[in-house]
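Here is the structure we will look at, set down as structure tokens.
Worth knowing before you read on, the calculation uses all heavy atoms, side chains too, and leaves out hydrogens, waters and symmetry mates. Predicted model, so just to flag it, every value in this text is computed and none were measured. Every number for a ligand or one of its atoms is a count from 1 in the order of the listing. Index from 1, following the sequence.
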Amino acid sequence: MAGIDYSERIPNNVGLADNRRLQRALEEWQPKFIEWWMEMGPNGFQAKETYLRTAVSVDAQGWAQFDYVRMPEYRWGLFLAEPEPGRTIGFGDHLGAPAWQDVPGEHRGVLRRLIVTQGDTEPASVEQQRHLGLTCPSLYDLRNLFQINVEEGRHLWAMVYLLDAYFGRDGREESEALLQRRSGDRDKPRILGAFNERTPDWLSYLMFTYFTDRDGKYQLASLAESGFDPLSRTCRFMLTEEAHHLFVGETGIGRVVQRTCELMREHKTDDVRRFGGIDLATIQRYINFHYSVSLDLFGSEISTNAANFYTMGLKGRFEESKKRDDHRLKDATYGVVELEGERITTREAPALPSLNERLRDDYIADCQRGLDRWNQVIKKYEIGHELKLPHRGFHRAIGLCAEVKVSPDGRVISEAEWDAKKHEWLPSEADEQYVQSLMQAVTQIGRFANWIAPPARGVNGRPVDFEYVRLA
Ligand SMILES: [Fe+2]
Ligand SMILES: [Fe+2]
């Protein structure tokens with residue numbers, strides 16, 4: 001069961017051959033997916049052979065195999081984590097009941113919406129990043145970009161499988177719509193705001209994979225707790241793939257920081273722009289931007305939807321099963337952000353409607369770990385500078401803090417102060433133009449753009465100077 005059947009048109013470990021109706025629906029969807037991929041997938045490299053990993057099993061150990069593939073020939077398929085025998089629902093009103101193997105009728109609409117919203121982000125990110133290959137800083141980075149892109153495509157497959165297998169005609173319509181919406185399109189945009197912005201350059205892309213893909217990790221992890229077992233198993237395997245996306249972001253920004261420090265040391269200056277680097281102040285502004293827009297993705301501090309998803313047993317907390325409490329939370333409280341005049345404080349609120357805030361807290365703690373590692377790099381070069389996460393209220397568009405202006409250190413400030421300072425805190429047009437000016441493709445084997453250090457090691461034991469993408 002852990003093995004994946006590659007003799008089929010759609011590789012899978014869900015016994016697709018035994019379900020003719022579903023097989024037919026997905027085989028009809030497949031060419032439309034390829035059409036979408038050719039139109040909206042990575043621009044300019046569809047015919048090139050890339051050294052990519054493909055899932056061959058869903059075992060956590062050794063699940064992937066690496067080889068050269070042209071992206072349109074990538075074997076996208078349906079892979080679910082192994083079922084846990086006797087799994088029960090771990091939280092909410094149905095606590096302790098056997099996990100659902102089919103959609104519980106009363107939660108059908110809500111569940112479909114959850115799956116569609118998650119599914120929509122997957123193709124959206126491919127669309128946002130489609131032009132980046134043309135300005136890659138190295139073949140190694142180009143390969144990582146494409147790896148992420150094909151896997152986001154596979155995540156779309158994962159959600160479409162759930163829709164087609166469990167939601168009948170409505171599900172098939174949603175599957176079609178997932179291929180019809182377009183990131184940034186005024187008439188048919190992607191569902192979530194952050195997924196309608198173009199990813200303009202590689203610094204933004206690395207920030208996206210660190211901060212925004214990490215939101216994905218937390219959403220998937222809470223859906224992996226779901227009482228709807230097929231969703232849980234799908235998300236568990238997606239998390240295995242997602243780990244690489246986060247790795248690309250964390251090591252990628254770490255390499256930018258490293259290169260900046262090298263240039264600072266070499267030329268004894270903070271102003272590394274003169275030497276083609278990205279100064280730490282600019283890196284900080286990009287962190288401020290991407291972190292704050294990613295915080296918005298968790299939604300409002302107080303949310304009845306979040307409470308309902310939990311009570312219904314559809315979406316749990318991060319690491320729900322490891323928590324030692326009653327897993328119902330009817331009488332529990334949780335500390336949420338509160339505005340007290342000029343001050344931002346916290347207050348105890350009922351725990352159920354505060355679940356977005358709790359997930360955001362888990363996310364924030366996780367984000368800080370990367371910052372600590374980047375600061376280690378800076379320290380190693382004996383530079384007295386620290387990168388920081390801005391205050392959670394900074395530059396928010398959703399939730400309580402969207403009503404006020406907040407400085408990175410957490411003070412509620414006037415509009416006038418905000419206007420005077422915002423260019424110190426967020427990327428300015430000049431920053432964006434400068435970063436854009438660095439975006440020149442470097443495609444010689446083993447070479448790297450001047451603004452980013454080479455990685456510590458290559459992919460799958462290959463050397464750093466390996467031909468990760470065959471461009472010739
Ligand atoms: Fe994904
Ligand atoms: Fe991802």
Side-chain angles (χ1 to χ4, degrees), residues 33 36-37 40-42 50 52-55 58 63-64 71 74-81 114-130 132-133 141-163 174-175 178-179 181 183 190-192 194-197 199 202 204-224 226 230-253 290-291 293-294 297-298 315 318 359 363 366-367 370 459:
F33 169 82
W36 166 80
W37 179 268
M40 297 310 294
T50 303
L52 293 176
R53 73 176 181 187
T54 304
V58 292
W63 57 274
M71 284 184 279
Y74 189 78
R75 301 301 311 275
W76 285 284
L78 311 171
F79 316 132
L80 269 60
L114 271 174
I115 293 170
V116 167
T117 307
Q118 177 61 42
D120 195 64
T121 65
E122 314 288 357
S125 68
V126 175
E127 294 166 357
Q128 291 173 294
Q129 297 165 11
R130 66 182 305 258
L132 286 175
D141 291 288
L142 185 62
R143 177 263 165 214
N144 281 345
L145 168 71
F146 293 162
Q147 183 70 61
I148 292 179
N149 291 159
V150 295
E151 286 175 353
E152 301 304 5
R154 207 206 66 73
H155 291 177
L156 171 60
W157 271 92
M159 294 297 118
V160 162
Y161 162 72
L162 294 175
L163 290 167
E174 295 284 12
S175 299
L178 283 165
L179 293 178
R181 286 186 288 272
S183 176
R190 292 294 173 184
I191 296 168
L192 300 175
F195 289 87
N196 284 302
E197 306 285 341
T199 307
W202 277 77
S204 303
Y205 158 74
L206 295 172
M207 294 284 170
F208 182 97
T209 52
Y210 187 79
F211 289 108
T212 309
D213 263 327
R214 190 173 309 275
D215 159 69
K217 166 184 163 182
Y218 281 81
Q219 301 303 334
L220 291 176
S222 19
L223 292 173
S226 182
L231 175 60
S232 162
R233 291 173 54 202
T234 301
C235 290
R236 267 186 277 147
F237 185 65
M238 288 165 79
L239 282 166
T240 320
E241 295 168 308
E242 202 62 46
H244 172 256
H245 310 179
L246 301 175
F247 164 86
V248 167
E250 185 184 320
T251 55
I253 299 171
H290 287 271
Y291 175 65
V293 298
S294 302
L297 291 170
F298 291 85
K315 184 179 175 187
F318 180 65
L359 194 59
Y363 168 84
D366 197 18
C367 283
V459 177

query = In the shown structure, where waters are left out, how many protein N, O or S atoms lie under 2.8 Å from the Fe ion (ligand 1)?
reply = 3
key: Under the side-chain hydrogen bond (donor to acceptor under 3.5 Å, both in side chains) test, residues paired with Arg181 that sit two or more places apart   = Asp120
query = Can you tell me if Tyr210 uses its side chain to pair, donor with acceptor, with the backbone of Cys367 under 3.5 Å?
reply = yes
request  = Identify, with sequence neighbours excluded, every residue that meets ring-ring contact (aromatic ring centres under 6.0 Å, His included) alongside Phe33.
outcome  = Trp29, Trp36, Trp76, Trp157
ask   = For Asp141, which residues count as a side-chain hydrogen bond (donor to acceptor under 3.5 Å, both in side chains) partner, sequence neighbours excluded?
value = Ser138, Arg255
remark   = Output for pair (Ile115 CD1, Leu223 CG), nearest 0.5 Å, gives 8.0 Å
message = Would Arg233 and Phe237 count as a cation-pi pair here, with the cationic atom under 6.0 angstrom from the ring centre and within 45° of the axis?
response = no
